[in-house]
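For ligands, and for the atoms within them, numbers begin at 1 and follow the listed sequence.
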Amino acid sequence: MKLRCPICGKTYDEPVQRCECGEPVEFEAFKAEPYLGKTVWERFWEFWPVEPAMELSLGEGDTPLVKSKLGKELGVRLYLKNETVNPTWSFKDRGTFLAVSYAARAGYKAIGTVSTGNMAASVAAYAARAGLKAKILVSESTSEEKLKAVSVYGADVIRVRGDYGRLYFESLKLGEKLGIYFINSDNPFRVEGYKGIAFEIAEELTPDYVLIPTSSGGLFRGIAKGLIELKESGLIEELPTLVAVQAEGCSPICRAFKEGRERIERFENPKTVAKAIANPYPPSGNAVLKLLREFGWKCTSVSDEEILEAQGELAKEGLFVQPASATGIAALKKLMERGETEEGAKVVSILTGSGLKTLHTVQTRGIKEYPPEKLGEVTI
Ligand SMILES: *Cc1c(COP(=O)(O)O)cnc(C)c1O
Ligand SMILES: [Zn+2]
């Protein structure tokens, strides 16, 4: 299986982490038939660059696609891909599992990542599952609360002072030196694992739009690649319109796209409540921009106020997501207002991670107190 750079086109036979030109690499497109098995890993057996090590699975993937009542108000048929039910409560587990399948087979004794949130917990959990050591590099400012969700799995957490943005590349160098396989945000195996989201959606319906919260760009690239491979394999007829969604307070990809640039620029002073999508210099930014241009796709950014409102609306339907994961719904409202989405369109929004991880962003509401003798006064 060959790796290819989506920007300069150079190909590699070895599983390198990045192209010599500095951009991400990806596996060449798969062309295959689905296979009837139980899990998405088995059903789409021929679409993975490495054999999924099912003994290391924690049950990631095969998540519910829930029809949403919010669609009615907005005039579309809305479906929510609920990734909050993954083993560590975000879609990151899909990519981590496939990358760990590779690392364990390749004989690595340790894996690592650079993250402060969902990816750190995911890599720590799968390292524990596989009996590998985990080295998680976090920034100095990471809260104790977040570190608990990582260290509970027994990972070594390393706080790094200074420029956190440089850590992505520094970690790859360190990994090569020490024999640690770093599974960062757009690691090629990780991106492949995310294709499963596209496969599962296509098994259930043919969407017109897919809304994707976007930070590093790994998730967007994975869903796009999965859909493109299904089309090239003759399994779907049309590609939906993919929408990369960012927070206004950190939207380097949308900004570059709007300005018609081919390369992203660092977003200075990022500030948003949607911390999980606040990468100011996304390592797959240029690759996402290329996809947006090539397929005529969209990039939409939403404000913190719109994000929190959407988070509340999803909760009122019974789905508690973190702010980053509510951005798709906030973006859908904008697209409808601007007439960029037709009435009656089939729309899928990816609910990327659970709200229980960011409890500090929600207010307690509707709590009433009654002394026991007054409970009779409670009304329906
Ligand atoms: C990681 C993450 C994203 C964005 O994924 P990228 O691959 O970095 O673009 C979106 N939402 C949540 C909850 C995440 O953890
Ligand atoms: Zn390249």
Side-chain angles (χ1 to χ4, degrees), residues 3-12 16-26 81-86 88-96 99 113-123 146 149 168 183-188 190-195 197 211-225 242-247 250-254 263-264 272-291 299 302 307 311 314 320-331 349-358 361:
L3 282 153
R4 208 179 145 277
C5 171
I7 300 291
C8 78
K10 188 172 162 63
T11 58
Y12 299 85
V16 295
Q17 294 259 23
R18 294 210 60 106
C19 182
E20 282 164 8
C21 78
E23 297 293 342
V25 288
E26 66 188 23
K81 185 67 172 156
N82 185 7
E83 292 294 308
T84 74
V85 303
N86 276 297
T88 71
W89 307 284
S90 87
F91 72 90
K92 296 287 195 307
D93 293 335
R94 295 176 183 263
T96 307
T113 197
V114 178
S115 162
T116 53
N118 293 322
M119 193 160 56
S122 181
V123 169
K146 279 188 172 169
Y168 180 106
I183 311 169
N184 292 350
S185 54
D186 64 348
N187 165 279
R190 174 176 289 291
V191 171
E192 291 291 315
Y194 298 161
K195 295 193 304 192
I197 297 175
L211 303 160
I212 308 169
T214 301
S215 185
S216 73
L219 175 62
F220 188 94
R221 286 179 52 223
I223 293 177
K225 192 164 185 282
L242 301 197
V243 184
V245 187
Q246 299 210 283
C250 185
S251 46
I253 299 175
C254 288
R263 307 187 73 83
I264 51 147
T272 172
V273 67
K275 291 279 182 284
I277 53 167
N279 189 327
Y281 193 58
S284 276
N286 299 334
V288 171
L289 276 178
K290 191 173 175 211
L291 286 167
C299 199
V302 289
I307 293 170
Q311 184 191 31
L314 284 165
F320 183 26
V321 302
Q322 50 193 262
S325 312
T327 54
I329 299 304
S349 189
I350 314 294
L351 303 186
T352 49
S354 167
L356 283 175
K357 294 218 186 173
T358 52
T361 66

query = Salt bridge or not for Lys10 and Glu23, using N-O below 4.0 Å?
reply =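 No.
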request  = State whether Glu26 and Lys225 are salt-bridged, where the test is any N-O pair (Lys NZ or Arg NE/NH1/NH2 against Asp/Glu carboxylate O) under 4.0 Å.
outcome  =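 The answer is no: the pair does not qualify as a salt bridge.
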query = Applying the side-chain contact (heavy atoms from CB on, under 4.5 Å) test to Phe220, which of Ile350, Asp186, Ile212 qualifies?
reply =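 When side-chain contact (heavy atoms from CB on, under 4.5 Å) is applied between Phe220 and each of Ile350, Asp186, Ile212, only Ile212 qualifies.
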With no hydrogens and no angle check, is any side-chain donor or acceptor of [X] less than 3.5 Å from a backbone partner on [Y]?
{"X": "Glu83", "Y": "Leu351", "result": "no"}
{"X": "Asn86", "Y": "Thr88", "result": "no"}
{"X": "Arg190", "Y": "Lys92", "result": "yes"}
{"X": "Gln17", "Y": "Asn187", "result": "no"}

Protein heavy atom at shortest distance from [atom]:
{"atom": "atom 7 (O) of ligand 1", "value": "Leu219 N, 2.8 Å"}
{"atom": "atom 8 (O) of ligand 1", "value": "Ser216 OG, 2.8 Å"}
{"atom": "atom 13 (C) of ligand 1", "value": "Thr352 OG1, 3.2 Å"}

message = Within the structure provided, determine whether Ile253 and Pro282 are in side-chain contact (heavy-atom separation under 4.5 Å).
response =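 The answer is yes, as the side chains (C-beta and beyond) meet within the 4.5 Å cut-off.
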Any atoms of ligand 1 less than 4.0 Å from a non-hydrogen atom of [X]? List them with their elements.
{"X": "Gln322", "value": "13 (C)"}
{"X": "Phe91", "value": "1 (C), 2 (C), 3 (C), 5 (O), 10 (C), 12 (C), 14 (C)"}
{"X": "Ala276", "value": "2 (C), 3 (C), 12 (C), 13 (C), 14 (C), 15 (O)"}
{"X": "Ile277", "value": "3 (C), 4 (C), 10 (C), 11 (N)"}
{"X": "Gly218", "value": "6 (P), 7 (O), 9 (O)"}

ask   = Between SG of Cys19 and SG of Cys5, what angle is found at the Zn ion (ligand 2), rounded to 10 degrees?
value =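 Taking the Zn ion (ligand 2) as the apex, the two atoms subtend 110°.
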task = Please work out the angle at the Zn ion (ligand 2) defined by atom SG of Cys8 on one side and atom SG of Cys21 on the other, rounded to 10°.
result =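 SG of Cys8 and SG of Cys21 make an angle of 110° at the Zn ion (ligand 2), to the nearest 10°.
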Ligand 1-proximal atoms of Ser325, by part, heavy-atom distance under 4.0 Å =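 Side chain only; the backbone of Ser325 stays clear of ligand 1.
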ask   = At a non-hydrogen distance cut-off of under 4.0 Å, which region of Lys92 contacts ligand 1 (side chain, backbone, both, or neither)?
value =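 Lys92 to ligand 1: side-chain contact only, backbone stays beyond 4.0 Å.
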request  = Flag Gly217 as yes when one of its N or O atoms lies below 3.5 Å from any N or O atom of ligand 1, and as no otherwise.
outcome  =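 Yes.
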key: Any Ser90 heavy atom less than 4.0 Å from ligand 1   =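 For ligand 1, residue contact (heavy atoms, under 4.0 Å) with Ser90 is absent.
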inquiry  = Between Asn118 and Ser90, do the side chains contain a donor N or O and an acceptor N or O under 3.5 Å apart?
reply    =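 Asn118 and Ser90 do not have a side-chain donor-acceptor pair below 3.5 Å.
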task = Would you indicate which of Thr84, Asn118, Thr214 comes nearest to atom 15 (O) of ligand 1 when only heavy atoms are counted?
result =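 Closest candidate by heavy-atom distance is Asn118.
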ask   = Looking at OG of Ser115 and CD1 of Ile183, how far apart are the two atoms once the value is rounded to the nearest 0.5 Å?
value =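 Reported to 0.5 Å precision, the distance equals 12.0 Å.
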